[in-house]
Amino acid sequence: MNLCDFAPEYIRAINPYQPGKPISELAREMGLDEHSIIKLASNENPLGTSPLALEAMIQELHNVARYPDGSGFELKQALSKLYAVDTEQIILGNGSNDVLDLAARVFLKPGATAIYSQHAFAVYPLVTQTIGANGISVPARDYGHDLFAMLDAVTPETRMVFIASPNNPTGTLSDADELHRFMERVSRDVLVVLDEAYYEYLPATNQTDSISWLQQFPNLVITRTFSKVYGLAGVRIGFGLAHPDVANLMNRVRQPFNVSSIGLAGALAALQDTEFVQRSYALNRAGMLQLTDGFRKLGIEHIPSFGNFISFKVEGVATNTQKIYQSLLRQGVIVRPLGIYEMPHHLRVTIGLESENQKFLKSLEHALGELA
Ligand SMILES: *Cc1c(COP(=O)(O)O)cnc(C)c1O
């Protein structure tokens with residue numbers, strides 16, 4: 001068939017995104033009981049969903065014959081209050097990935113350039129390539145973003161810079177002062193997307209008030225999500241905050257009903273459930289200690305993380321990393337290989353419940369034993 005040959009070359013060149021292996025798939029492949037499998041591969045909330053959000057979504061199910069409120073009025077009101085921004089500054093998305101895509105569709109075109117860091121979130125090159133724009137990957141510094149090298153990479157063709165802080169899969173956090181200096185120096189003709197999907201997992205001392213920077217920098221978009229600490233990854237809802245003119249353009253290219261009524265109801269209730277957020281945060285801090293302590297005992301190097309996940313290194317050849325990954329799968333533990341992130345020696349594990357972390361560490365010890 002040559003119909004597909006007419007698709008733009010830049011579309012045909014896209015590598016498909018590789019999601020974490022679903023539990024049901026591993027159960028089929030290995031003949032394992034689904035309940036015996038733990039998935040620590042997609043940075044999901046191990047506590048599940050806020051009970052308040054769950055109840056709100058169940059109620060909303062009764063109304064699914066109707067289209068959702070395309071303006072997201074109530075949720076925008078709540079976000080506006082919480083973050084002290086105007087509702088005109090908010091862009092709701094089908095997950096924050098949708099917001100990244102909207103920004104790319106508004107500001108990129110073939111011939112334009114977008115900049116992101118090596119080892120940065122895979123969706124940045126994806127949304128860039130979808131437009132036929134050129135993606136520039138700037139070498140990382142100690143696995144984190146080298147903001148000043150990224151600044152140096154800006155040319156007259158550059159229309160966007162993506163910054164993830166904390167970044168996935170490295171867990172690295174950009175220094176707030178450096179970020180602010182970056183914003184001061186970068187051309188106002190370049191849109192900077194600051195992706196803060198893991199913001200709520202940051203200790204208070206690391207929570208920069210980046211939203212207040214929106215008043216100073218009209219070329220800044222901040223993205224946040226309900227997929228992580230709020231436990232709503234499955235209903236796909238996130239948002240962006242920007243200058244009203246930028247938000248206006250992004251809202252024009254948005255599908256009129258890009259966010260579902262279930263997502264809107266869940267997100268609104270989740271914002272109210274501060275107890276659940278605190279519990280999720282505390283569990284993550286404890287799990288971080290449990291895992292880093294376990295890594296130390298096993299003599300395994302890891303990248304210090306500010307997210308709800310940790311990337312760790314398997315010594316020796318990259319095939320060892322594949323062997324560890326496969327052994328963990330056989331033991332019913334799903335983690336994430338990082339080959340596509342140019343980190344073939346690393347695996348990323350999401351911080352789970354205490355019992356899940358314990359099973360992971362035991363399985364990892366067993367896997368290392370198989371290698372020896
Ligand atoms: C998980 C994650 C997101 C969230 O994506 P959603 O589309 O909101 O589920 C965004 N950015 C990064 C860096 C992430 O790791």
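Note that this is a predicted model, so its numbers are computed, not measured. Whatever order the structure lists ligands and atoms in, that order sets their numbers, starting from 1.
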When you check ligand 1 against the protein, what N or O pairs turn up below 3.5 Å? List the atom names and distances, or just say none.
from, atom 1, to, atom 2, distance (Å)
ligand 1, 5 (O), Ser96, OG, 3.4
ligand 1, 7 (O), Ser96, N, 3.1
ligand 1, 7 (O), Asn97, N, 2.9
ligand 1, 7 (O), Asn97, ND2, 3.4
ligand 1, 7 (O), Arg236, NH2, 2.7
ligand 1, 8 (O), Ser96, N, 2.7
ligand 1, 8 (O), Ser96, OG, 2.8
ligand 1, 8 (O), Thr225, OG1, 2.5
ligand 1, 8 (O), Ser227, OG, 3.4
ligand 1, 9 (O), Ser227, OG, 2.6
ligand 1, 9 (O), Arg236, NH1, 2.9
ligand 1, 9 (O), Arg236, NH2, 3.4
ligand 1, 11 (N), Asp195, OD1, 3.2
ligand 1, 11 (N), Asp195, OD2, 2.7
ligand 1, 15 (O), Asn168, ND2, 2.7
ligand 1, 15 (O), Tyr198, OH, 2.6
ligand 1, 15 (O), Lys228, NZ, 3.3

_Side chains of Asn167 and Tyr198 only: does a donor on one sit below 3.5 Å from an acceptor on the other?_
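Result is no, nothing qualifies.
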Between [X] and [Y], does at least one N-O distance fall below 4.0 Å, as a salt bridge requires?
X: Arg330; Y: Glu29; answer: no
X: Glu370; Y: Lys323; answer: no
X: Arg181; Y: Asp177; answer: no
X: Arg141; Y: Glu178; answer: yes

*asked:* Would you say Phe162 ends up clustered with Leu214 if hydrophobic residues are merged whenever their side chains have heavy atoms under 4.5 Å apart, either directly or through other cluster members?
replied: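 Different clusters.
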